[in-house]
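Bear in mind that the values here come from a model prediction, so they are computed numbers and not experimental data.
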Amino acid sequence: MKIALLADPHLSDVENTPQEEAFHWAFHELSNIKPDACVWLGDITACGSPDAAMRFCKKIKELPFPSVTVPGNSDLRTDHTAAIMERYLLSHLEVLKIGDLDVVAMDTSQDTILPEERARLSQLTLGEKVLLCSHQSAKYLDSESLEFLKNWIAEHRSTESRFLLWASGHRHVYAVGEFEGIPTISVRALDLDKCIGGSAQICLWNSETEDPAESEEHVYSRGLISEWSPEERQELADSLGITCYNRHKLERDMPFAIKNRVRHLEWRSIAEKEIALIEEWRRIGGKSFSLHMSALDYEGGVVDLPLFREMALNAVRAGADMVTVHPPQIATENMQMGSPAYEAIADAMAEAFLPVVSAGIDILVENNHTDFGTPKDPMKCAYGCTPLDLVEWRDALIKRLGKGSCHIRFDVGHARNNEPLSENYPIGKWYAMIGSESRAYHLHQTFYGKLQHRMKNHHPITHWHDGMVSFDGFLWAWHTGVLHHGPVILEIREGDGAPATWQRLQQLILNDV
């Protein structure tokens, strides 16, 4: 029997996303593969959306072969839908028999095997060959669940059942291993923003050969660099720019930008004597220069306004093409329209930007990200961390400065490092909601620091799938026009900085290495 294994599509409650694209690709691919059955290994939805679950269930009914589905942890994230989703996405409560193979769906969506699930599994009668399917692998289960599994497997082995494979998702990366002598396989995420180590995949496992390492791999490529024309590749390569951090601006970043004719630059400060360096860069073909503004705060009045005003004037003196500003990173409950903080900061920011608007410089509002330990209550989160906040703050400035004065800069890494809001607003949803309104972007890789127990921003990009952000979603959205094309600034602070990432991405884009 040939069984197609798929994991972690993370479908959102909006449809114009990389996740929806990969989901439709998977169905097209399955129609060509024609497996005997397919298994969906959890995290069907990004955040327990019944609408997304309904789209999924409706679609799999169109397949000419049976499907098995298990729920994942993200399917249960929304409290009022969790109970419905758990039962809705656990299909085949009994054993699904495909020829001589018994497919057993096991619910591990809560990092445990609950008592009622153990009772259900204990009542199953299994045949000679068994495929066990779950979202979480043994790595994520508690000791009590693992002990139950060991005993349950031993009991069925005593009746001559053979467990040929335990298939799971959740890790987003392809891996093989073993548990209690059973071969295991973790399938790479179908989510184009989260597939680690390669593009989204379908694994086609053959119960006759049994070895998961010999599974046939079908890898997503639609809309990725490998299928772009030379002209499309060159356009993206030419859109790449770098942030020059102050400590490396003069000795590393600007000499690199001038030597390599980097077309787009961002600085975080401008001294009078440095304007000549910008002019030199302009002469060798520099196209867009941006100044990243300082932040404004509120403590009974607007804080740090003199520095902000000076930076705005410096942007005018330097002939900047755009300035980037964050919404005030104040608790959302204190940043409701009409509140003292909201109105005072909006008025102050707009007043400081009057010379910028008069000079024809575009104002770009960029999304914030949450800090470690941010509570789940969205009103307690920092303002500017959702697409709605971003659009609202841009519109507040437009109201004061005039139509066409302000647009959006989208920071992809910030959207990933945005817990717990990233559960409701994953990267793909940002693309769908604000991609057409964005005029520029920040890219950097995000990692989870195990020692600090928190995500870390602004790391180098060494490949499309080398960290917590997969850039397949960005490439697809750029290529299909979901994203408005504009400067893509590499905001890298760690490692060798933005120059090294710029060189690496030039290779990846132009040479498809």
Asks: Just verifying a value: how many Å separate His369 NE2 and Cys381 SG, rounded to the nearest 0.5 Å?
Replies: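 Going from NE2 on His369 over to SG on Cys381, the span is 13.0 Å.
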Asks: Let's go through Asp8 and His170 carefully: what are the C-alpha distance in whole Å and the side-chain angles of both, what is the deciding distance for side chain to side chain donor-acceptor pair (under 3.5 Å) to 0.1 Å, and is it a yes or a no?
Replies: CA-CA 7 Å; Asp8 302 283; His170 187 62; 5.3 Å; no
Asks: Taking atom types as modelled and ignoring hydrogens, do the side chains of Arg493 and Tyr245 form a donor-acceptor contact shorter than 3.5 angstrom?
Replies: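 The answer is yes; a qualifying pair exists.
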Asks: Between Ser134 (side chain) and Gln136 (backbone), is there a donor-acceptor pair under 3.5 Å?
Replies: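 Side chain of Ser134 to backbone of Gln136, a donor-acceptor pair under 3.5 Å: yes, one is there.
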Asks: For the residue pair Ser221 and Glu227, confirm or rule out a side-chain donor-acceptor distance under 3.5 Å.
Replies: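 Distance-only check passes for Ser221 and Glu227.
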Asks: Is a donor on one side and an acceptor on the other found under 3.5 Å between the side chain of Arg55 and the backbone of Ser12?
Replies: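 A pair under 3.5 Å: yes.
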Asks: State, with a plain yes or no, whether a side-chain heavy atom of Val391 is found less than 4.5 Å away from one of Ile408.
Replies: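 SC-SC contact between Val391 and Ile408 confirmed.
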Asks: Would you say that Glu494 contacts Pro460 through its side chain, given a criterion of any heavy-atom pair below 4.5 Å between the two side chains?
Replies: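 Yes, at least one pair of side-chain atoms sits under 4.5 Å.
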Asks: Is there a side chain to side chain contact (heavy atoms under 4.5 Å, CB included) between Leu390 and Ile434 once you walk through the steps?
Replies: CA-CA 9 Å; Leu390 203 60; Ile434 65 163; 3.9 Å; yes
Asks: Answer yes or no: does atom CG of Asp496 have more than 12 heavy-atom neighbours from other residues, nucleotides or ligands under 6.0 Å?
Replies: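 It does not: Asp496 CG has 12 such atoms or fewer within range.
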Asks: Let me see the working for Leu6 and Cys38 under side chain to side chain contact (heavy atoms under 4.5 Å, CB included), right down to the final yes or no.
Replies: CA-CA 8 Å; Leu6 307 94; Cys38 65; 4.1 Å; yes
Asks: Check the side chains of Ser288 and His264 for a donor-acceptor pair under 3.5 angstrom, ignoring hydrogens and angles.
Replies: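 The answer is yes; a qualifying pair exists.
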Asks: Test side chain to side chain contact (heavy atoms under 4.5 Å, CB included) on Ile225 and Leu475 and set out the steps.
Replies: CA-CA 7 Å; Ile225 287 290; Leu475 295 172; 3.9 Å; yes
Asks: Apply the test side chain to side chain donor-acceptor pair (under 3.5 Å) to residues Ser137 and Trp166: give CA-CA distance (whole Å), side-chain angles for both, the deciding distance (0.1 Å), then the verdict.
Replies: CA-CA 8 Å; Ser137 63; Trp166 180 0; over 6 Å; no
Asks: Taking Arg188 for the side chain and Ser199 for the main chain, is one N or O donor matched with an acceptor at less than 3.5 Å?
Replies: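 Yes, Arg188 side chain to Ser199 backbone: donor-acceptor pair under 3.5 Å.
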Asks: Any non-hydrogen side-chain atom of Asn73 less than 4.5 Å from a side-chain atom of Asp75?
Replies: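 SC-SC contact between Asn73 and Asp75 ruled out.
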Asks: Working to the nearest 0.5 Å, report the span between SG of Cys385 and CG of Asn418.
Replies: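 One gets 5.0 Å once the value is rounded to the nearest 0.5 Å.
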Asks: With a 4.5 Å cut-off on side-chain heavy atoms, are His292 and Thr243 touching?
Replies: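 A side-chain contact under 4.5 Å is absent here.
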Asks: What pair of heavy atoms forms the shortest contact from Ile284 to Ala257, and how long is it?
Replies: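 Nearest heavy atoms, Ile284 then Ala257: CD1-O, 4.2 Å.
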Asks: Under 30°, 30 to 60°, or over 60°: which ring-plane class applies to Trp228 and His479, parallel, tilted or perpendicular?
Replies: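 Ring orientation, 0 to 90° scale: parallel.
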Asks: Out of Leu192, Ile44, Asp191, which one pairs with His10 under the side chain to side chain contact (heavy atoms under 4.5 Å, CB included) rule?
Replies: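 Testing His10 for a side chain to side chain contact (heavy atoms under 4.5 Å, CB included) against Leu192, Ile44, Asp191 leaves exactly one candidate, Asp191.
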Asks: So, His458 versus Gln445: side-chain donor-acceptor pair below 3.5 Å or not?
Replies: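 Looking only at side-chain atoms, Gln445 and His458 do not form any donor-acceptor pair under 3.5 Å.
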Asks: Look only at the side chain of Ser186 and the backbone of Val173, and say whether a donor-acceptor pair between them is shorter than 3.5 Å.
Replies: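 Judged by distance alone, yes, a pair lies under 3.5 Å.
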Asks: Atom CG of Leu250 and atom CZ of Arg252: how far apart are they, to the nearest 0.5 Å?
Replies: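 One gets 12.0 Å once the value is rounded to the nearest 0.5 Å.
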Asks: Between Tyr342 and Tyr383, what is the ring plane arrangement, given parallel below 30°, perpendicular above 60°, and tilted in between?
Replies: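 Perpendicular.
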Asks: For Asn417 and Thr446, does a side-chain donor sit closer than 3.5 Å to a side-chain acceptor?
Replies: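 No, because no side-chain N or O of Asn417 sits under 3.5 Å from a partner of the opposite role on Thr446.
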Asks: Is it true that the side chains of Glu266 and His442 contain a donor and an acceptor less than 3.5 Å apart?
Replies: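 Looking only at side-chain atoms, His442 and Glu266 do form a donor-acceptor pair, the distance falling under 3.5 Å.
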Asks: Would you say Thr374 and Asp371 are linked by a side-chain donor-acceptor pair, where the criterion is simply a distance under 3.5 Å?
Replies: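 Side-chain D/A pair, Asp371 to Thr374: absent.
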Asks: Could you tell me if Lys429 sits above the aromatic ring of Tyr425, with its cationic atom closer than 6.0 Å to the ring centre and no more than 45 degrees from the axis?
Replies: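 The answer is yes; both the distance and angle limits are met.
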Asks: Would Asn16 and Glu20 count as a side chain to side chain donor-acceptor pair (under 3.5 Å) here? Give the steps.
Replies: CA-CA 7 Å; Asn16 194 23; Glu20 204 76 17; over 6 Å; no
Asks: Within the structure provided, determine whether Phe474 and Trp464 are in side-chain contact (heavy-atom separation under 4.5 Å).
Replies: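 A side-chain contact under 4.5 Å is absent here.
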Asks: Looking at Trp476 and Gln19, would you say the former's side chain and the latter's main chain have a donor-acceptor pair under 3.5 Å?
Replies: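 A pair under 3.5 Å: no.
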Asks: Testing the basics here: between Arg268 and Leu291, what is the closest heavy-atom pair and its distance to 0.1 Å?
Replies: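 It is C-CD1, 3.9 Å.
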Asks: Will you find, in the side chains of Glu29 and Tyr220, an N or O donor that is under 3.5 Å from an N or O acceptor?
Replies: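 Checked: Glu29/Tyr220 side chains show no N/O donor-acceptor pair below 3.5 Å.
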Asks: Quick one about Asn368 and His326 (side-chain donor to acceptor, distance below 3.5 Å, no hydrogens or angles considered), yes or no?
Replies: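 Distance-only check passes for His326 and Asn368.
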Asks: Minimum heavy-atom separation for Thr501 and Ile492, please, with both atom names.
Replies: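 Closest approach of Thr501 to Ile492, heavy atoms only: OG1-CG1, 3.9 Å.
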Asks: Within the 4.5 Å heavy-atom criterion, are Leu236 and Trp478 side-chain neighbours or not?
Replies: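 When only atoms from C-beta onward are counted, Trp478 and Leu236 do touch, with a gap below 4.5 Å.
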Asks: With no hydrogens and no angle check, is any side-chain donor or acceptor of Arg77 less than 3.5 Å from a backbone partner on Glu423?
Replies: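 Checked: no pair found.
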Asks: Do Ser436 and His484 come within less than 4.5 Å of each other through their side chains, counting heavy atoms only?
Replies: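 Contact flag for Ser436/His484 side chains = no.
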Asks: Measure the spacing between CD1 of Ile84 and CG of Leu76 and express it to the nearest 0.5 Å.
Replies: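 It is 11.5 Å, given to the nearest 0.5 Å.
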Asks: Sub-3.5 Å donor-acceptor pair from the side chain of His444 to the main-chain atoms of Asn457, do we have one?
Replies: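 No; zero donor-acceptor contacts below 3.5 Å.
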Asks: Taking the side chain from Ser239 and the backbone from Glu235, do they hold a donor-acceptor pair closer than 3.5 Å?
Replies: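 Pair found, side chain donor or acceptor close to backbone of Glu235.
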Asks: Looking at every non-hydrogen atom in both residues, tell me the closest pair between Arg233 and Ile509 and how far apart they are.
Replies: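 Reported closest heavy-atom pair: CD-O, 3.1 Å.
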Asks: Ignoring hydrogens and angles, state whether a donor on the side chain of Ser109 or Asp107 is under 3.5 Å from an acceptor on the partner side chain.
Replies: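 Distance-only check passes for Ser109 and Asp107.
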Asks: Go through it in stages, so that I can follow the logic: the residues are Trp281 and Leu277, the test is side chain to side chain contact (heavy atoms under 4.5 Å, CB included), and I'd like the CA-CA distance, side-chain angles, deciding distance and then a yes or no.
Replies: CA-CA 6 Å; Trp281 166 77; Leu277 200 56; over 6 Å; no
Asks: Donor-acceptor check, side chain of Asp193 to backbone of Gly428, threshold 3.5 angstrom: yes or no?
Replies: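 Between the backbone of Gly428 and the side chain of Asp193 there is a qualifying donor-acceptor contact (under 3.5 Å).
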Asks: Hey, are His218 and Gln201 close enough side-chain-wise for a donor-acceptor pair under 3.5 Å?
Replies: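 Their side chains do not contain a donor-acceptor pair, so the 3.5 Å distance test is not met.
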Asks: So, do Pro328 and Met335 sit near enough that their side-chain heavy atoms are less than 4.5 Å apart?
Replies: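 Yes, at least one pair of side-chain atoms sits under 4.5 Å.
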Asks: Please check this pair: side chain of Ser67 against backbone of Ile60, looking for a donor-acceptor N/O pair closer than 3.5 Å.
Replies: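 No, the answer is negative, given that no donor and acceptor are paired below the 3.5 Å cut-off.
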Asks: Kindly indicate whether a cation-pi arrangement holds for Lys59 with Phe27, taking the cut-offs as under 6.0 Å to the six-membered ring centre and within 45° of the axis.
Replies: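 Geometry flag: set, cation within 6.0 Å and 45°.
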Asks: Would you give the length of the straight line joining atom OG of Ser470 to atom NE2 of His463, rounded to the nearest 0.5 angstrom?
Replies: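 The NE2 atom of His463 is 10.5 Å from OG of Ser470, to the nearest 0.5 Å.
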Asks: CD1/Ile182 to CD/Glu178 distance, rounded to the nearest 0.5 angstrom?
Replies: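 The distance works out to 9.0 Å.
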